[in-house]
Each structure stands twice: as structure tokens, then as C-alpha cells.
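Notes follow once the structure below has been shown.
Letters go in sequence order (proteins before strands), and every chain restarts at 1.
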There are 2 protein chains.
Amino acid sequence: MDLTERKRRILRAIIESYIQSAEPVGSKAIAQAIGMEVSSATIRNEMADLESMGLLEKPHTSAGRIPSPKGYRLYVNELMEEHKLSLQETQRINQALRLKMQELDRVLDQAGRVVSQLTNYPAFALSSGMSRVTIRRFDLLMVERNAFIIVVMTDSNIVRNRLIRLPSDLTEAQLQMLNTLLNTTFTGLSLEEITPELMRVAQHAAGDAYGLISLVVSFAIEVLESLERRTVHTSGLAHLLELPEYRSLERAQPLLSYLSEDADPARFPVPKDDPMKILIGPENVADALKDTSVVVASYDIGDGMRGVIGVVGPTRMDYAKITARLSYLAEGLSRLFGRGELSDGRDDSK
Amino acid sequence: MDLTERKRRILRAIIESYIQSAEPVGSKAIAQAIGMEVSSATIRNEMADLESMGLLEKPHTSAGRIPSPKGYRLYVNELMEEHKLSLQETQRINQALRLKMQELDRVLDQAGRVVSQLTNYPAFALSSGMSRVTIRRFDLLMVERNAFIIVVMTDSNIVRNRLIRLPSDLTEAQLQMLNTLLNTTFTGLSLEEITPELMRVAQHAAGDAYGLISLVVSFAIEVLESLERRTVHTSGLAHLLELPEYRSLERAQPLLSYLSEDADPARFPVPKDDPMKILIGPENVADALKDTSVVVASYDIGDGMRGVIGVVGPTRMDYAKITARLSYLAEGLSRLFGRGELSDGRDDSK
DNA sequence: GTTAGCACTCAGGGGGTTTGAGTGCTAAAA
DNA sequence: TTTTAGCACTCAAACCCCCTGAGTGCTAAC
């Protein structure tokens, strides 16, 4: 796509004005905006050219021009200037990262919220389900004679626990025996490898305490399953209604329900190779997103796994600002996970 | 409020029609609906009476009538027929209760979602923050030479854990010592009782491992704080837009943002004495809820604590159906917690 | 290649009219 | 006394029409 410098300036001015105002942009406004000594007629000629190249479109004959998805694409790839975060913005992100981010589980949710607040657009966060997680170790802690805590730690250093109450009493020795048995039999196994036969063998070996085996192992299975499952968290959906393009319910509702809770993780785009990806309008696969744009970033959560966080908005979203904030946050999250600062989880019972 | 039987029937018919259609109800429609051999003129006279009693109102002179909040209140208190759950509905609720309810932490969220799906209204769930929680016991589990797991259990039987990595190595003996020290010094203490002086004394006693004390104790403090904090989960906000009364953005948006994430728990009404409470329109304290109705139910989560779950919608919400579903679900939740079937939590690190 | 000028287009807003559902009142019937 | 039929009245919503003004494309001159 080779454009004259002037065309580029005009296109950029149109896009930035439209991003701001959501109103079609006329030739006169642009003539002023670019501060060149050309008349609106010249701009009109140029705009006609840009339109025939598919970079602009007209909502109707006598309105100004609006950028086409192709126009946004060119803008994003070539014209857009890096948006620098203000000190205030970085501070806000940093604070958000520090704050309440201790629990891996909530990080997703929290990250989505932060992004949504930061950008004023709805945001989503995906956990990339891990594959072939295994239990690294079991610990059984006696609490009372008829209650103990299971603590399970996976090969990816995730720790979960559960309190178990029993109808009957239990000795410390039994618990010890059980502990050893579990650690020798069920560690290093992935979900598929925990077979009913294995369970039977272990139950046999456990003697009196055979019932406890299945209690503990089914907890372990739950943990493994929950880690392999992908989940979505969305937040800031209400921001959608603040945007002029979603002031009409007919437009807002389908998108809103597409993004709403219980959304299928597969619905959401994921950056493949790059750390960040911008999908403009029809570049989205999902129909409901066909006239929205999505910006997604991924971050490292250790063990080669990546988290995904993204923003959804109208095609005229402020790409420069959003990419800047999103990538800063994603970097922060990577750092957070990388340093292992993030370590808590929680487990509770009753 | 003594009304003739006929007036009661008319009022009820008006309310139920309006609940259904959201359209003002005219005298003719009612004359048919109640199947009495009276003319619309008679109904008009009766409606005029009901209006002068404040039970009905007119949006404007030449429209039909709509129920006033006072009318709904009468309906809820006296006229409403118990809605019976269909087999299908109870099955759905039961299944929802079984499914994915293992983690206390997520119960809130999950319960809100279920309600929202069940009623097609936005729902909220509150955790009633506990007061004066204390740590009952500490367990430190060695993982590697430079990593260990903290497991903390509160007096309310909630267990949380965290993985800690250290820059330097640690002996099993040190960990043992630390463990004993923590259990003798910091158990049975509430948040306020964990003073800096106490910390200093303990650090002194810990010798070389003094740094670890603050690591572990600050984790314990985090846990106590998180339990004392009240939180809200909202879900199904998108349902709001499906309702005719919220088809105009000006009406939907304030409510939506009132309910949106990061909402203050104090905003939400809580049933005090009864297990269920209905707040109709102006009966709500919050301005944003002045022309909505809220139905809240509470359920027992053990230790004398109660969870709260509620539904928000237009004043013409289907009280019969919603109270039935909500109370069934609340009972189910109470049972679930009561039996202690609910026990998992989760804790993870890295 | 650029500009001024001009005829043309069309969404959006304002104002007026029509429609129809619903009301209140009155007078007659039960 | 209660109910009913009839009729005049009201008013939101739908529709229509016209006007306005921002913006365009084209052409002819610079």
C-alpha cells in the first residue's frame, strides 16, 4: 500500500478524529486539522482517492467519511504513534498489580477488571488450561481425631487443599500410612493415568482406610481437572453502553450477551505467535464481533503457559492507547508470575 | 386494607397481566380476563376506586392502569399464589447445586449465576464477612530445600495455603521450630491482637529464621482480612437489557453501573429477620433502586453465618415465580453447607 | 495539481395531523 | 343501589412532510 505522504496524513487525521468523536469526518474539518495550506476541495479529492482504495467509507452520500476496517488496519500497522503511558497511568497499573494479586485464581478476574477500568471498555481474561498436569506430592494433616486436611501440590507448583471430616475416628499412624501410600502410588500421574484399577490396588493396600483413598484421590482429580479447564472472566460490560455506537439496544444486546458470563472460552480470540494482536471488525471470526475490534495480549504464567487478556470495543477504539496499556499490564503480569511473587491460592472448607 | 372480593380479583388480574406484558392494562381486557359477567364500565368504576386507594396508577390520562408499588405490596402480601416449581425446575436447581459447588469460594459466584439463569434477571450474591476470625493452627510443609508450603486453618474451619520460595536454604529442624513457635504464639488471635510487639518477640525467638516469621504471619493476616471482608458478586447483568423497561439506555445505564463490578456490598439490601425479603420500588433505600424491586433470600453457611443472594428487576417482576425459585435455592444451599458437603477451597502458588 | 463555485443528496429535527386505546361521566336499566 | 350502555374527551405514538445544513462530486478556471 503506497500512499503519498499527504494521503497518509489525511487518513491519519480522519481516523484520529473519528476515534475521538464517533462522528463522520468532513473535508473541511480535516483541512483545518492537518494545518496544511490546502483547501477542503483538495482534501475532498484525496478522500475520494482514499475511498476508492477501500480505506474510507461513507455512511451515506452526504455525510463525512469514516474509516473502513482496512483503513484501521493500515493505521494500526503504519500510521499509529506509540502512545506513551503517563506516570499516573503506570502508577495505577503498578498499584493494581501489587494489590490483591496474591491469589492465582483471582488474578484472571482481577486483571480483567484492571484492564476494563483502565480502558473503559469491556475486557476479558482467559486462563489457558494446562495440559498433562500431575500431582507432585500429597500431605495429610491431622486436625482432630475425625478430621484432616489434604494438601496437594502439582508439578506446576500449584497447591490446593481440602478439609475432610469423617464419620469415624482415625489414628495418626493410619494417616501416615495413607500419606506414604498416596505419595508412592499417585504422584507423577496425569488425569488419564489415574485408572480405576490403580484405585483398586491402592484401596486394597490401604486396609481399613480404603475408603479414604477414594476421598483423597477424587479431590486430586478435581484439582487436575480444574487446572486443565479453560475459563473466561469478563468484566466492565457496562462500559459498552457508554459508547455512542452501542446506544441503541439492538446493537448492544447481541454483543453483550455474547460476552456475558458462561461464555465459551473458545469464542475469544487468542494471539498466536505475537505477544499482542489486534483484530479489526471483519477480521474477527465470530459473527457477533464482526463490527467490533478486539485487542488481545498474552502474558507468561510460567511453565510455558500463557495467560490471555483482551479488550473489546467498537472498531474506532483508540488502538494506540489501548495497546500501550494492555502491553504494559501484560508485561507486569509476566514479571509477577516470573518472579514467583504470586503464590497464594486458597482453600477452605465449610 | 379491606377490599371486596371483586376488587381483589380485579387488582390481581391487573397485576398479573402487567407482570406479563409490561403494558398498561385497560378495563376491557380485565373484564374478559376475570371471566365475570360484568362489563368494562363496571371494571372502570372499580379501577377508579382502586386508584383512589393508591393501588393503581395511570401513566397518563388515556392509557390503562399500572400497579403502584403499594399495589404490588398488597399483591405480594395477600394476593399472590405460591408458585410451584415444576419438576424440571427443581431438577435444574438440584443439578446446579451439585455441580461445581465444591469450592466455597466460588459458591457465591456460582449461586448468583444460577439464580440469574433461573430467573432471567440480574442477580447478586453477598458474602457476609465474618467477624473476629482467628487462626487455629499453622502447618509448614517442606517442599524443597528452599521452598515450603504454609497451611493455615481458621477457627471457622477454613483452610488456606501458600507456597513460599526462599533465596536461601532451610533445614527441616528450622521449619519444625518455626512451626511450633507460630502455633504457640499466633493461634487464637484475631486481626487486632496480632501486634507489632508480638511480631518482634516472635522474630527474636526465631533466631536465624526471623525473616520467615513475618512472611508467614503476613500471609495469616491476609487470610483473616479476606475472611472479614464482605464481597459482592453480580451476574446476569445483561438480562436487564432484555426487559422493556430498560430498553432505553437512560434508564438501564444508571442501574447497570450501580450493580456493576466493584460494587459496594453495603449497597445491597439484606433480609434481617426473615429468610426472604421483597423490596418494592421506593421501599429500597438506594436511589438507583427506587424504581426497581429486589428479592433477597439468605441461607445458612454454618457458624451462625448467613449468605445472601438476591435478584434485581423492574417492579413488575414475577414475584411468585422468583420467590419460589429463590427460596428453593436458598434452602438447597443451606442444606449443602449444613451437611458439610461443601468443603473444598483451593490454594495455589505460582 | 489546486481551487472556487455550484448543484445535489440525505439524515435529522421540528411541527402538525391522525389514530386508537382507554378514560370519566351521565342517564337509563336491573 | 348497582350495573350497564353510550358518548365526549384525552393523549401517547405513529406518521408524514418539510426544512435545514453539513457534506459531497463535478466542472471550469487558476
Side-chain angles (χ1 to χ4, degrees), chain A residues 3-11 13-15 17-18 20-68 71 244-245 247-251, chain B residues 3-11 13-15 17-18 20-68 244-245 247-248 250-251:
Chain A
L3 294 169
T4 64
E5 183 54 29
R6 191 168 70 183
K7 283 202 173 57
R8 297 168 74 91
R9 278 175 71 179
I10 292 172
L11 179 59
I14 291 173
I15 291 180
S17 158
Y18 187 66
Q20 275 274 320
S21 67
E23 303 274 320
V25 189
S27 51
K28 217 151 131 197
I30 292 305
Q32 292 195 312
I34 60 169
M36 279 172 106
E37 57 312 327
V38 282
S39 77
S40 66
T42 310
I43 303 287
R44 279 203 290 284
N45 288 331
E46 295 284 54
M47 293 196 334
D49 285 0
L50 289 169
E51 187 180 349
S52 71
M53 288 185 236
L55 298 170
L56 296 179
E57 28 191 64
K58 285 187 287 200
H60 57 90
T61 336
S62 71
R65 301 298 209 296
I66 63 174
S68 72
E245 26 273 284
R247 294 288 293 291
S248 95
L249 269 277
E250 301 81 61
R251 309 206 70 222
Chain B
L3 293 169
T4 65
E5 183 54 29
R6 192 170 67 184
K7 281 201 174 57
R8 297 169 73 91
R9 278 177 69 181
I10 291 172
L11 179 59
I14 292 173
I15 291 180
S17 157
Y18 187 66
Q20 275 275 320
S21 66
E23 302 274 319
V25 188
S27 52
K28 218 151 129 195
I30 292 305
Q32 293 194 313
I34 61 170
M36 283 173 103
E37 58 313 327
V38 283
S39 77
S40 65
T42 312
I43 302 288
R44 279 204 287 285
N45 288 331
E46 295 286 54
M47 294 201 325
D49 285 2
L50 289 169
E51 186 181 349
S52 71
M53 288 184 233
L55 297 171
L56 294 179
E57 29 190 64
K58 286 188 284 200
H60 57 89
T61 336
S62 71
R65 301 300 211 292
I66 62 176
S68 71
E245 25 274 284
R247 294 286 293 290
S248 93
E250 299 82 62
R251 309 206 72 224

Any idea which of [options] is nearest the [X] side chain?
| X | options | answer |
| --- | --- | --- |
| A:A41 | C:dT2, C:dA4, D:dT3 | C:dA4 |
| A:V38 | C:dT3, C:dT23, D:dT4 | C:dT3 |
| A:S62 | C:dT23, D:dA22, D:dC26 | D:dA22 |
| B:S39 | D:dC11, C:dC10, D:dT4 | D:dT4 |
| A:S27 | D:dT3, D:dT24, C:dT23 | D:dT24 |
| B:H60 | D:dT4, C:dG5, D:dA12 | D:dA12 |

Taking any heavy-atom pair under 4.0 Å as a contact, classify A:A63: base, sugar-phosphate, or nothing. sugar-phosphate
Is the number of heavy atoms from other residues, nucleotides or ligands within 6.0 Å of NZ (A:K58) greater than 12? yes
Using modelled atom types only, decide if a donor and an acceptor are shared between the side chain of B:R65 and the backbone of B:E51 within a distance under 3.5 Å. no
Value in whole Å for how far the P atom of D:dT10 lies from NZ of B:K58: 12 Å
Measure CG/A:L50 against P/D:dT24 and give the value in whole Å, please. 12 Å
Between [X] and [N], does any side-chain N or O lie under 4.0 Å from OP1 or OP2?
| X | N | value |
| --- | --- | --- |
| A:R65 | D:dT24 | yes |
| A:T61 | C:dC10 | yes |
| A:R6 | C:dT2 | yes |
| B:K28 | D:dA5 | no |

Sole candidate of A:D49, A:L11, A:V25 that passes side chain to side chain contact (heavy atoms under 4.5 Å, CB included) when paired with A:L56: A:L11
